[in-house]
Amino acid sequence: MTGLETKLRALRDGGRKLVVPYLMAATTPGWTEYLLAAEAGGADAIEVGIPFSDPSMDGVVIQRAGELALGRGANPFGILAELRGISLGIPMLVMTYYNLFYRAGLDRMAGMLAEAGVEGVILPDLPLEEAGPWIEAASPGIATVQLISPITEGERLARVVAASEGFVYGVGLMGITGERLKLAETATGVARRIKAVSDKVVCVGVGVSSPEQAAEVVAAGSDGVVVGSALVRRVLEGARPQVIEEFVGGLRSAVDRG
Amino acid sequence: MTGLETKLRALRDGGRKLVVPYLMAATTPGWTEYLLAAEAGGADAIEVGIPFSDPSMDGVVIQRAGELALGRGANPFGILAELRGISLGIPMLVMTYYNLFYRAGLDRMAGMLAEAGVEGVILPDLPLEEAGPWIEAASPGIATVQLISPITEGERLARVVAASEGFVYGVGLMGITGERLKLAETATGVARRIKAVSDKVVCVGVGVSSPEQAAEVVAAGSDGVVVGSALVRRVLEGARPQVIEEFVGGLRSAVDRG
Amino acid sequence: MSVMGHPDPTGRFGEFGGRFVPEPLMPAVIELERTFEEAWADPAFRDEYHRILREYAGRPTPLYHARRLSESLGVDLWLKREDLAHTGSHKINNVIGQALLAQRLGKTRLIAETGAGQHGVATATAAALFGLECQVFMGEVDVKRQALNVFRMQLLGAEVVPVSSGSRTLKDAVNEAMRNWVSCLETSHYCIGSVMGPHPYPYIVREFQRVVGEEASIQFEAATGKSPEWVVACVGGGSNAAGTFAGFVDSSARLVGVEPEGGAAIGRGVVGVVHGMESMFLQDEFGQVEEAQSISAGLDYPGVGPEHAHLAAIGRASYESVSDAEVLDAVRILARSEGIIPALESAHAVAWVIRERERFGDGDSVLVTLSGRGDKDAETIANATGAGL
Amino acid sequence: MSVMGHPDPTGRFGEFGGRFVPEPLMPAVIELERTFEEAWADPAFRDEYHRILREYAGRPTPLYHARRLSESLGVDLWLKREDLAHTGSHKINNVIGQALLAQRLGKTRLIAETGAGQHGVATATAAALFGLECQVFMGEVDVKRQALNVFRMQLLGAEVVPVSSGSRTLKDAVNEAMRNWVSCLETSHYCIGSVMGPHPYPYIVREFQRVVGEEASIQFEAATGKSPEWVVACVGGGSNAAGTFAGFVDSSARLVGVEPEGGAAIGRGVVGVVHGMESMFLQDEFGQVEEAQSISAGLDYPGVGPEHAHLAAIGRASYESVSDAEVLDAVRILARSEGIIPALESAHAVAWVIRERERFGDGDSVLVTLSGRGDKDAETIANATGAGL
Ligand SMILES: Cc1ncc(COP(=O)(O)O)c(C=O)c1O
Ligand SMILES: Cc1ncc(COP(=O)(O)O)c(C=O)c1O
């Protein structure tokens, strides 16, 4: 069991619903303030996006944030160096695409992530079948979170869930990141299906954008939610860290109310 | 022997070199004045062009004159009516394309030409092989002039020359109507070759544009010259009849000097 | 003389045809006639012609059973796919033949008229293939509406000469080509693009296009075991129709040529003599040739090949017409139901089948020659449908 | 595993390939793999596929001996004429196969990415032919430079979606197509246009393009009694090259893939994982994918199919590159000497042969796959050569 899993299980087992905000790195000079703000708002862990040139699973908001960051000259090493410089009381995960790790070298990247205090990674384009070399380089220091989609089923569902480290990421809908006016039906089903095969911590993300939607997801049995585009959009609109803190706070109280 | 041939032979046999100007009909309201002017300048016969939509053997000058005439609403019947109204002391020929005759009906056209006092026709797109029906309709009142080109040879040369009525039209060059700076070599050869097989009257046209060129052609053995574009260009440039008379006069003296 | 056999010694199909050329051109057309007769009787020449069509031009072109369109129309429809021939239309068949003749005649230069530009492109292509010079005459109006083809001709090394006389379309390009030809007979072959002009052209071009109908007839028989009841092709000058009909004239098929409403030389024309041939032409009461009006540059011609006038006169083929609007509809329908964008010219034949679909008997098969592809027409179609490009 | 045989169970050709797709797509690619394996082993499927290629798409395409160009280059040059295939390139072979798969999968909609628009046109065509809906993703830059193809797709009933993210060319169109696909897996098949993407696509597309090489090999042998010493094809994603090479990989022919200088994924790229595959990509030191720069939209891609990375790694094929200027020269040279206007993509292969002509041994034959025709590129060529259009 990775350190990340231990921490999140403890929270979950203590009855707490998990709020996991996603923020794109390097969108503004003081972007790390957003991480601190998210923590202050009541986040239980935080996902930091490292921008990639070809974010094929992201919607326009996160695409645009990534382009902004890249346009500002961001690179993975610089971002990790900045993460090393801040001190958060909650676990940090990195979310990005596999090529950045591949290019850096897997062992080297694992080392750099660990040094930066990152405890887990989410690589949407690295399915379990291809994850072997990376997991070998990352374990056990860094948890590799697996995704379960609304149509992952049967033997495969059990296998991927079993392999997931840190927590299990339930993808809320068949689609890419981005806010939706209404929660997809699939977002409530996916957690239930994961729960049926495992007692791992489950967080549902993609298409979870508002406190109401977050509450709905946990009410349906998920241990927590991942919220990204709703936050990133605010950052793109020039929101101060305070706004992020308040929005995360809103998620916090919504899931706490249950 | 047609009437036209009798007249031209008489002139030729009297030692006169023939000057045959070509003028496009209906280019201006008073266009028949140009015919009278040509006569006054010393023409021995005159060719009147009836405009056709697709003058495939004509250069730009005569094309443009034809378009001008058609644009003014000219039609073959109207033109022939106007010709009937003028009195020239020299023979008139009509030069045009066969479709206008075909469309009018051959007998009807022959009758209208005769009524208008036209004694001969030149139809460049009606070769001897196809001329039978027309000649039948036109003979003997109207002479059908045949063309001989620089490359008409042997048996064909003899046959076409023999069939030509009125006179034999020697085409001065391999090409379409239009002024040339220099007389083509072929213009001097063609008359000689026709003379070698017949004693018919020979006039050379196409590419004969100036008094000097006219003189060269008759010096080489032709009985006369046909000059078109050089005159029509002057008409298009707005020349008064006087100018046409003078230009024809110039041709007259040039061929007379020999 | 059998129907669609050899023309008579004066170059006539029944009453139509002949050789109305100025005396300076006479030796050239006589020489061409003799050379063609010899060549066409020479197995080596035919072999070479068919070899090039096969290895270079992509023959045989498929005969395609248009199942989805058949179903939606309730007509058993087959398409002879000249759109797949090299350069994009049947025009290549004729120019390969004529370029071989030019070579045999010792000529070093091809001249051609073009409307849609397909014949110009084909001629420029054959010129490049045989290492000949090439000059293409094209009405100014057509130069504008077929810009893609103008560029293709230039890229192929041909000179495109815009013609600004008359209606500035195909008929004037013919005039200009003839004017040019007479001045360079020694070096140049005039490569006429359809079954028109003075004898022997209508005959030569039909023979070089005969491959379309002969292939189609064999292919249809192989696929169905029978002959089609209807054979349909668009008619500009009429070469794709003549080539197609030649393969079926001895069968019981009903032959239908489709003209554009604004250029229906058989439908609305009268007999005359223009461009060297006695045939049907749109003309006024005085014999002045009228301008055709068609959305397709390749059918924008006021005359028709003499053999078609003859087939119409003896009732062996019928000639019908369709409107520009029907043609545009046909383009869209064929594109959407079969994934084939036809040339506007070819779409005339399809449009007629669509309009007349009630007319075909149960079990009748309709074979349509799709003379070319529509890439060249994208801009015209876009403008006509308000799509812009 | 024989060279160019079946990929290994992880979808790898040697070290390259694999299946790097997000979990939501995993069931779809697994289902596609299974369906393809079944279909490809099913004679009825293969018959249907080959029947459509024959009756509809114009196969076999000719193998043409380019005599005049051979003579002027001093190289015995043969061209496999994919430019004569329906829609104007080899892309039709693949989409016909994939549309049949989509049908077998019960899908009612095709989505596709496109660069030059040839794959988009081919997909729109297959969609029309099979009565499927169709949406094509195309970079904004390409929408502009391939306007003719955009119009063709629309006329065929497809929706063209301009992609404004990233470099606004092919790679971004791929991203957008994948984004779309994940949201409509149930109804839609993603019809990838080259030997790229996650397993089984590189394998499927190569198999559907194998017909190019197999035909060419039989045709060359029939014409000459031997095998060519050199086999050359342009490489974007690499489908025409893969299909061609598949027909010759077991012969002694030297296989050459030609990339654009500004998009030489094998020549200047490094190994990475993008678009679902482990292969070679142009990328910076951090792993950000770089924009390719090529005059030809169809080769303007910073990656390459994994099997090519493998063929390069084991030395069975070599990959070379040519400049835009060399490509434009090659277009002109081929047009003027053979009457064939190649696609800018295809002209890369010709350009390499022209540049390297001294390198071929006496008596060597060079077979080049001419993957497509150049009509779509008229405007680009005109602008590049200052001719205007
Ligand atoms: C595709 C196509 N079809 C038909 C025609 C008309 O010619 P014809 O009637 O001689 O076949 C043309 C002429 O340009 C053409 O390009
Ligand atoms: C004519 C042509 N050739 C080649 C290519 C490149 O694709 P591939 O390398 O997959 O053959 C394209 C792509 O659009 C194309 O249109």
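Residue numbers start from 1 in every chain, and the chains themselves are labelled A, B, ... in the order their sequence lines are given, proteins ahead of strands.
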Distance-only criterion, 3.5 Å: which donor-acceptor pairs connect chain B and chain C?
residue, atom, partner, partner atom, Å
B:P51, O, C:Q288, NE2, 2.9
B:S53, N, C:Q288, OE1, 2.7
B:S53, OG, C:V289, N, 2.8
B:D54, OD1, C:K171, NZ, 3.2
B:D54, OD2, C:K171, NZ, 3.0
B:D54, OD2, C:N175, ND2, 2.8
B:P55, O, C:R179, NE, 3.3
B:P55, O, C:R179, NH2, 2.7
B:D58, O, C:R179, NE, 2.9
B:E67, OE2, C:G166, N, 3.2
B:N99, OD1, C:V273, N, 2.7
B:N99, ND2, C:Q283, OE1, 2.9
B:N99, ND2, C:G287, O, 2.8
B:Y102, OH, C:E278, OE2, 2.6
B:R103, NE, C:D284, O, 2.9
B:E130, OE1, C:R12, NH1, 3.2
B:E130, OE1, C:R12, NH2, 2.7
B:E130, OE2, C:R12, NH1, 3.4
B:E130, OE2, C:R19, N, 2.6
B:T152, OG1, C:E23, OE2, 3.1
B:R156, NE, C:E23, OE2, 2.8
B:R156, NH2, C:E23, OE1, 3.0

Can you say whether B:L173 sits under 4.5 Å from chain C via the side chain, the backbone, both, or neither, judging by heavy atoms?
neither

What heavy-atom pair brings C:P24 and B:M174 nearest, and what distance separates the two atoms?
O-CE, 3.4 Å

Non-hydrogen atoms of chain B under 4.5 Å away: do they reach the side chain of C:V271, the backbone, both or neither?
both

Rounded to the nearest 0.5 Å, what separation is found between the CG atom of B:L126 and the CZ atom of C:F20?
6.5 Å

Please state whether the side chain, the backbone, both or neither of B:F77 comes within less than 4.5 Å of a heavy atom of chain C.
side chain

If you tally heavy-atom pairs under 4.5 Å between each of B:A104, B:G66, B:G175 and chain C, the highest tally belongs to B:G175

Cut-off 4.5 Å, heavy atoms of chain B, and the answer for C:P27 is side chain

Non-hydrogen atoms of chain C under 4.5 Å away: do they reach the side chain of B:P51, the backbone, both or neither?
backbone

